[in-house]
Each structure stands twice: as structure tokens, then as C-alpha cells.
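In what follows, chains carry the letters A, B, and so on, assigned in the order in which the sequence lines appear, proteins first and then strands, with residues in each chain numbered from 1.
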Amino acid sequence: MILRTHYSGDITPEKAGIEVTLAGWAHEIRDLGGIAFLVLRDREGFAQITLLKKRVDPKVLETVRSISRESVVQVRGTVKAEPKAPRGFEVLPSDVKILSAAEAPLPLDPTEKVDCELDTRLDARFMDIRRPCILAGFEIESAVLRSLRECFYKNGITEVFTPKIVAAATEGGTDLFPISYFEREAFLNQSPQLYKQMLMGAGMDKVFEIGPIFRAEEHDTRRHLNEAISIDVEISFADDKDVMELLEGAVSGAYKYVSENCTRQLGVLGLDLQVPKVPFRRITYTEALELAKGRPGVEMKWGDDLDRETEKFLGETIGEHYFLTDWPSSIKPYYTLPYEDKPEVCRGFDLMHPRMELASGAQRVHDYKLLVERIKEKCLDPAGFEFYLKAFRYGMPSHSGWGLGLSRLVMTMLNLENIRDAVIFPRDRRRLVP
RNA sequence: GUCCGGAUAGUGUAGUGGCCUAUCAUGAAAGCCUGUCGAGCUUUCGACCCGGGUCCGAAUCCCGGUCCGGGCGCCA
């Protein structure tokens with residue numbers, strides 16, 4: 001049996017006279033002597049419970065006076081329209097129960113009268129999320145996921161799961177976390193890339209996966225984590241331009257969905273969300289280098305990966321979402337398809353927000369011989385890729401896809417300073433708990 | 001990994017060698033108060049990251065450690 005009849009958000013002054021049962025947390029108790037107020041908080045907001053000493057049952061008043069902040073309480077009472085109350089109503093209680101008393105002192109202050117550092121907040125994340133502005137962010141993240149899934153379903157894309165425990169660090173590059181797998185060593189997967197490509201060979205035609213990826217990199221910045229949620233898509237018989245269109249539609253669609261369906265949460269965050277217009281600007285890698293020449297400082301050579309300074313400069317110059325396309329083949333992974341007439345340039349692209357990279361994708365190499373060649377060029381051993389390469393020998397359609405970082409999408413959408421703010425229980429270089 | 005900065009009540013802070021028996025806010029405890037909405041007022045409680053050193057004297061200076069923040073690198 002559900003212990004509440006209404007959320008705070010369900011009550012309005014027009015509901016005056018009805019009996020309600022609310023359940024939530026004791027946000028604040030203000031005892032003025034002859035009158036006392038209990039502010040009850042649930043996920044939708046606040047409701048004021050008013051106790052007039054002369055009119056309320058003395059036992060109820062005594063209970064309320066004994067409530068410690070952040071205890072879980074259940075309140076049964078009658079709604080009364082009251083212009084003096086916040087939101088124009090208050091609840092006159094007939095019964096108040098303490099379901100779970102909170103200890104004091106609290107590890108942080110959910111009423112936000114005192115600031116709190118990120119580290120302290122993450123140590124007591126369960127209490128941090130009781131703060132409406134934090135909760136609102138995660139509710140918006142859920143809405144983003146819902147919007148993305150709907151976009152994928154609408155496009156006839158099948159949701160799949162690929163293994164997170166894998167045999168070997170075959171992709172090269174990124175460091176993987178080794179784990180013990182019975183009598184063998186295994187690794188946590190850094191990306192579903194190889195698996196989604198194999199599913200193209202399987203004839204699944206269009207797949208998406210939303211799941212965790214693990215990277216054992218030492219990176220220690222406000223935009224990197226060692227465990228992240230990746231939104232991966234792979235489409236057969238599509239080229240890089242096709243999947244870029246899908247990507248920009250998915251991203252701007254998520255903004256639109258949030259702006260239309262999360263008005264309360266955006267209000268809590270004080271955000272006026274601007275939906276980015278499609279199509280996003282396309283800039284080739286070579287054009288980006290040209291643009292970056294207009295700034296003082298270190299000059300980039302063609303073939304260098306863009307450094308952080310250049311990335312920031314481009315973001316400031318362009319000022320909105322954009323695609324970086326036509327990268328040098330040498331700095332993109334082996335599965336990225338080079339242009340036939342100009343093999344030093346490839347069909348890889350990055351989706352950029354002015355603050356950082358959000359996604360990267362490409363048209364993939366689907367020709368077995370070329371793929372083996374490319375693997376060798378990257379100084380990797382094709383033998384280690386046999387489970388993957390096998391799928392390319394028995395009929396592999398051309399295909400393209402991308403991977404999008406969920407937390408980076410949410411972080412840039414909500415203008416959060418630190419990616420840790422966009423993850424409920426983040427995993428970084430140092431944090432393994434909670 | 002590297003460079004720079006930091007660590008003071010539960011939380012957030014002030015304090016650059018003696019005036020620190022350590023500031024302020026929030027909180028907790030007790031009391032007063034009939035319209036609070038960061039309520040107000042009175043009283044009380046609660047802290048210098050760890051180890052070594054310099055000095056008559058260290059929260060403050062030096063060395064080492066641990067932890068934290070920021071920049072960069074790394075990031076298929």
C-alpha cells in the first residue's frame with residue numbers, strides 16, 4: 001500500500017477541503033510558539049504543514065516539535081487555501097508520523113543555507129540528491145534518455161546489449177581495466193565499437209546501445225571519468241553524412257524534449273534552454289586549422305590532434321554545436337574509412353559543443369583487406385582481432401555510426417561545471433566510493 | 001603523470017609568528033515568540049589533516065606524507 005495519496009506537486013489551492021496524505025522529508029521546522037510550520041519535501045517540491053497551537057491536537061504538535069531535520073515523515077491532513085502560505089495553500093494536519101528519524105548533525109545542508117564542496121557532496125550523495133536542483137538534473141537526464149530512445153525507435157533502430165567483460169585489449173590506444181575472470185585475465189570494455197560493427201555483419205541493420213564504458217586512463221579533469229555511459233549507434237548501408245544527420249537530430253531533439261517536458265525542473269535550475277538549430281555547422285579539420293591560425297600562440301601542424309587550447313578557441317569562435325569532419329586518417333582509429341581518392345583524409349567526424357567534444361563517429365571500413373591493412377598501419381596485430389575480422393569475410397555491408405557521451409550531453413545542456421555533477425555516483429581517478 | 005593552489009567545529013568560512021582562551025554563518029541543545037517562508041531574540045555546545053623540524057613562542061615558517069581543487073598531458 002502506497003503511503004501517500006498525493007505528491008506536493010499535486011496540491012493546489014483549488015483542492016481546498018480535501019483530505020490528503022503526504023510522505024516525504026522534513027525539510028525545515030519553524031516553531032513560532034503559538035504557530036508552527038513543518039515544510040515537507042518530496043520529489044516534486046514542498047508543502048507547508050501548519051500547526052496552530054490552539055487548534056491542533058497537542059499530540060500532533062508534540063510529534064512535530066520532536067522531528068529532526070531530514071527525517072522521513074507522513075502527514076495526513078486537510079488542504080486549506082491560504083494566501084499567506086507559499087504556493088497559496090497549506091495542510092492542516094490531523095496526524096503526523098515519523099517513519100524514519102534522521103540523525104544530527106547532517107553531513108550537508110539540503111536547505112542550501114550553507115555552501116558545500118563537491119567532494120563533501122559526493123561523499124553524502126544520497127543527501128545531496130535531496131536538494132531539488134540536484135534531483136532536477138538527474139530527472140532531466142532521464143528525459144534525455146527517453147527522448148533519444150524514442151528517436152532511435154522512430155528510426156527503426158534495434159536496442160542491443162554487448163558484453164562489458166572482454167577477452168583482450170584489442171582496440172589499442174586506451175588503457176583497459178584488467179579483471180580476474182575465473183582462471184583467466186579479462187578486461188572491462190572501453191567501447192562497444194567492435195561488437196556493433198559485428199552486428200552489421202549479422203544483418204541487424206541498425207542497432208543502438210546505451211551502456212557503460214570503462215577507461216583506465218589517468219585523465220583527471222572536469223570532463224573525464226573512468227566509467228561513463230555511452231550512447232552508441234551503428235547503421236548499415238549508411239555513410240558518415242547520414243549518421244551525422246541522425247546525430248544532430250537526436251541531440252537537438254533531446255533539447256526540444258527537455259524544454260517541453262521538464263519545465264518544472266528547468267525552473268528549479270533557473271535555466272532557459274535554447275534548442276540548437278539543425279543542421280549543425282560542418283567544419284573540416286583543415287578549415288579548423290585555418291581558423292585557429294587567427295589566434296596567437298602555438299601553431300598546429302596538419303596531422304596533429306587538436307590540443308585543448310585550439311579546441312577552446314574553436315568553441316569560442318563558433319559559439320554553437322558544430323561538426324568537425326574530414327580528419328587526417330593518421331589520428332583516427334583503424335576502423336575509420338579513408339576517402340578513396342585521398343586516403344590521408346578519412347570519413348571520421350566529431351560532434352563538438354563549444355565547451356568540449358560530445359560524440360565521435362565515422363563511416364567505417366567494411367572491406368576485409370583494407371581493414372587488415374589499416375590495423376597493421378596502426379602497429380596492431382590482426383591476429384588479436386580475429387573474432388572481429390571474421391565478421392568481415394562473409395558479407396559485410398558498408399556502415400557508419402557514432403558514440404555519444406551521455407554525461408557530456410547533460411553537462412553541456414545544463415551548463416554544469418563538472419562532469420561529476422552529471423553522474424549520480426561518479427568513478428574517477430580517485431573515487432571508488434560510494 | 002605533471003604544474004599551480006589548498007586542508008580550521010557536522011557544513012561553509014575568517015585568521016601571514018605572541019593581541020587565538022581561534023572569527024562569522026549555518027547546525028545542535030535549552031528557553032521566549034500566532035503567519036513563518038534563509039523567521040527573530042537569549043544562553044550553551046562544537047574545529048586548527050598527519051609526522052618531523054625551526055623558534056622563548058607555530059593554525060601561521062620549513063621538510064615529508066595523506067587528501068582535495070584547478071590547468072595541461074593522456075583520452076580507440
With sequence neighbours excluded, tell me which residues meet side-chain contact (heavy atoms from CB on, under 4.5 Å) with [X].
| X | result |
| --- | --- |
| A/Arg308 | A/Arg223, A/Glu311, A/Lys312 |
| A/Asp232 | A/Pro192, A/Lys196, A/Ser230 |
| A/Ile29 | A/Ala26, A/Leu38, A/Val64, A/Ile67 |
| A/Glu290 | A/Lys293 |

Would you say the side chains of A/Glu209 and A/Thr162 form a donor-acceptor pair under 3.5 Å? yes
Verify whether one side chain among A/His399 and A/Gln197 offers a donor that lies under 3.5 Å from an acceptor in the other.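 Yes, because at least one side-chain N or O of A/His399 sits under 3.5 Å from a partner of the opposite role on A/Gln197.
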Checking all strands, does [X] fall into the base, sugar-phosphate, or nothing category for heavy-atom contacts under 4.0 angstrom?
| X | result |
| --- | --- |
| A/Asp305 | nothing |
| A/Arg30 | base |
| A/Thr221 | base |
| A/Pro86 | base |
| A/Ala36 | nothing |

Please measure how far the [atom1] atom in [N] lies from the corresponding atom in [M], and state the result in whole Å.
| N | M | atom1 | result |
| --- | --- | --- | --- |
| B/rU44 | B/rG5 | C1' | 38 Å |
| B/rC68 | B/rC74 | P | 24 Å |
| B/rC55 | B/rC62 | P | 16 Å |
| B/rG17 | B/rG40 | P | 36 Å |
| B/rC20 | B/rU26 | C1' | 22 Å |
| B/rU60 | B/rG18 | C1' | 12 Å |

Applied to residues 123-133 of chain A, the side chain to side chain donor-acceptor pair (under 3.5 Å) test, sequence neighbours excluded, yields A/Glu70-A/Arg130, A/Glu112-A/Arg131, A/Arg121-A/Asp128, A/Asp123-A/Arg431, A/Arg125-A/Asp128, A/Asp128-A/Arg131
Rounding to a whole Å, what distance do you find between [X]:[atom1] and [N]:[atom2]?
| X | N | atom1 | atom2 | answer |
| --- | --- | --- | --- | --- |
| A/Met356 | B/rC75 | CE | C1' | 14 Å |
| A/Asp175 | B/rC74 | CG | P | 13 Å |
| A/Asn226 | B/rG1 | CG | C1' | 14 Å |
| A/Asp109 | B/rA28 | CG | C1' | 13 Å |
| A/Glu217 | B/rC72 | CD | C1' | 15 Å |
| A/Asp31 | B/rA30 | CG | C1' | 13 Å |
| A/Leu108 | B/rA25 | CG | P | 21 Å |
| A/Arg223 | B/rG71 | CZ | P | 7 Å |

Regarding [X] and [Y], does a basic nitrogen lie under 4.0 Å from an acidic carboxylate oxygen?
| X | Y | answer |
| --- | --- | --- |
| A/Arg393 | A/Glu386 | yes |
| A/Lys332 | A/Asp350 | yes |
| A/Glu28 | A/Lys113 | yes |
| A/Lys376 | A/Glu373 | no |
| A/Arg429 | A/Glu218 | yes |
| A/Lys164 | A/Glu227 | no |

Which residues in [range] have at least one heavy atom lying under 4.0 Å from any atom of RNA chain B?
| range | value |
| --- | --- |
| residues 66-83 of chain A | A/Arg69, A/Glu82 |
| residues 44-59 of chain A | A/Gln48, A/Leu52, A/Lys54 |
| residues 118-131 of chain A | A/Asp119, A/Thr120 |
| residues 413-434 of chain A | A/Asn418, A/Arg429, A/Arg430 |

Partner of A/Phe323 under ring pair (Phe, Tyr, Trp, His ring centres under 6.0 Å), chosen from A/Tyr285, A/Trp402, A/Phe349: A/Phe349
Out of [options], which has the shortest distance to the side chain of [X]?
| X | options | answer |
| --- | --- | --- |
| A/Glu218 | B/rA39, B/rG73, B/rC72 | B/rG73 |
| A/Glu28 | B/rA28, B/rA39, B/rG35 | B/rA39 |
| A/Ala85 | B/rU36, B/rC75, B/rG70 | B/rU36 |
| A/Cys116 | B/rU11, B/rG35, B/rC74 | B/rU11 |

Consecutive Watson-Crick or G-U pairs in runs of at least 3, all under 3.5 Å, in which RNA chain B is involved: B:1-7 with B:66-72, B:10-12 with B:24-26, B:27-32 with B:40-45, B:49-53 with B:61-65
Using OP1 and OP2 only, check whether a side-chain N or O of A/Lys113 sits under 4.0 Å from B/rC24. no
Return the orientation label for the A/Tyr334 and A/Tyr388 ring planes: parallel under 30°, perpendicular over 60°, tilted otherwise.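 A/Tyr334 and A/Tyr388: perpendicular rings.
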Polar pair under 3.5 Å, donor/acceptor by atom type, side chain A/Glu90, base B/rG35: yes
Less than 3.5 Å between a donor and an acceptor, one on the side chain of A/His224 and one on the base of B/rC75, is that the case here?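 By the distance-only test, yes, there is a pair.
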Between A/Cys133 and A/Leu269, which heavy-atom pair has the shortest distance, and what is it?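 Minimum heavy-atom separation between A/Cys133 and A/Leu269: O-CD2, 3.3 Å.
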Please output the side-chain donor-acceptor pairs of residues 11-23 of chain A that fall under 3.5 Å, not counting sequence neighbours, one pair per line with the distance.
from	atom 1	to	atom 2	distance (Å)
A/Thr12	OG1	A/Glu14	OE1	3.3
A/Lys15	NZ	A/Asp10	O	2.6

Report, one line per pair, each donor and acceptor closer than 3.5 Å where one atom sits in a side chain of residues 49-58 of chain A; sequence neighbours left out.
from	atom 1	to	atom 2	distance (Å)
A/Thr50	OG1	A/Gln48	NE2	3.3
A/Thr50	OG1	A/Glu90	OE1	2.8
A/Asp57	OD1	A/Lys59	N	3.0

Name the residue closer to the 5' end of RNA chain B, choosing between A/Lys332 and A/Asp220 according to the nucleotide with the nearest heavy atom.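 Counting from the 5' end, the first nearest nucleotide belongs to A/Asp220.
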The residue, A/Asp115 or A/Ile35, whose nearest nucleotide of RNA chain B is more 5′ is A/Asp115
